[in-house]
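Order of appearance sets the numbers: ligands from 1, and atoms from 1 within every ligand.
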Amino acid sequence: MYVSMKDMLLHAHKNQYAVMAINCVNMEQAKAIIQSAEEERSAVIINISPRQMKAHGHGDILAPMIKGMAKKVSVPVAFNLDHGADLEDITNAMKFGFSSVMIDSSSYEFEENVRRTQLVASLAHGMGLSCEAELGHVGMAKDADNEKADLYTDPQQAKEFVERTKCDCLAVAIGTAHGSYPKGFVPKLDFERLKLLKETLDMPLVLHGGSGAGEENIKKAVACGINKINVCTDLFKHARIATAKTLEENPEIDYMDLCIAAQNAMKDFIKDYMRVIGSSGRYDFEKYQGPELD
Ligand code: 13P
């Protein structure tokens with residue numbers, strides 16, 4: 001079923017687990033994600049950023065395809081604009097049929113972030129869509145932004161931010177970053193801050209930079225209140241490695257079979273991750289409670 005992130009993440013918040021939000025640029029990835037969710041009886045979120053849309057699969061093509069696939073399964077699937085930067089990105093995503101939008105104004109001063117998020121949240125809610133925002137700033141692993149504690153989210157400021165903007169979930173900076181960390185490096189997360197954020201906000205919290213963060217960290221982050229984990233780099237890596245290995249073993253392989261090999265490798269990765277973060281099996285006996293989108 002095709003839904004917004006709102007009720008899906010509230011369920012995760014109330015039942016202390018997290019849902020994967022996986023970046024996707026084509027049909028093979030969309031199939032891998034949705035089939036994994038159905039087989040695991042798990043909710044899932046499909047993410048795409050404006051940069052990825054420019055580089056590869058555009059939202060006006062992907063949205064109807066993902067919506068069509070989502071409507072054929074019985075688990076909740078959301079399609080979310082990841083890191084929407086300006087109003088044009090956001091209104092286009094709404095027009096294309098996304099079920100959720102993220103407004104990322106985390107590089108702006110607090111008041112400007114509030115102003116931009118307020119506007120997007122009210123537009124999204126008016127259309128029955130959900131809105132994710134970011135406070136503090138989750139930067140890039142290549143720049144070691146994960147270690148810059150001045151970028152981390154302040155709980156009291158976050159409380160004011162959420163009250164004023166009415167965003168449905170909040171991406172927090174607690175020590176992860178986007179992209180690949182140096183080989184062998186595992187980031188150190190600020191769990192005390194995360195616990196305080198959860199206690200203060202009592203709402204769904206989002207962790208960006210879910211690749212390479214380490215299984216123990218991920219499990220503990222979920223136990224301390226994370227309900228949505230964004231994963232991109234590791235999924236793309238699994239597809240690339242499977243493609244290279246399959247080609248090496250069989251250089252004459254049919255192109256469709258090559259795509260399917262990558263799809264199957266992505267499914268193995270996604271299903272394992274869903275088990276780690278506790279979303280697997282949630283819809284074995286339970287029916288989704290929120291509204292479906294047309
Ligand atoms: P990674 O590429 O580090 O998994 O981060 C993904 C992300 O946070 C997308 O918003």
Would Lys220 and Leu189 count as a side-chain contact (heavy atoms from CB on, under 4.5 Å) if you check the C-alpha gap in whole Å, the side-chain angles of each, and the deciding distance to 0.1 Å?
-> CA-CA 9 Å; Lys220 200 163 169 194; Leu189 307 196; over 6 Å; no
The remaining residues in the hydrophobic cluster of Phe185, counting side-chain heavy-atom contacts under 4.5 Å among Ile, Leu, Val, Met, Phe, Trp and Tyr, are Tyr181
How long is the gap from CG on Asp234 to CG on Asn23, to the nearest 0.5 Å?
-> 11.5 Å
Distance under 6.0 Å and angle within 45° of the ring axis: does Arg116 meet both against Tyr108?
-> yes
Specify whether Tyr283 and Tyr288 have parallel, tilted or perpendicular ring planes, treating 30° as the upper limit for parallel and 60° as the lower limit for perpendicular.
-> tilted
So CD1 of Ile34 and NZ of Lys71: to nearest 0.5 Å the spacing works out to 12.0 Å
When you look for protein heavy atoms under 4.0 Å from ligand 1, which residues do they belong to?
-> Asn23, Asp82, His83, Ala177, His178, Gly179, His208, Gly209, Gly210, Ser211, Asn230, Val231, Cys232, Thr233
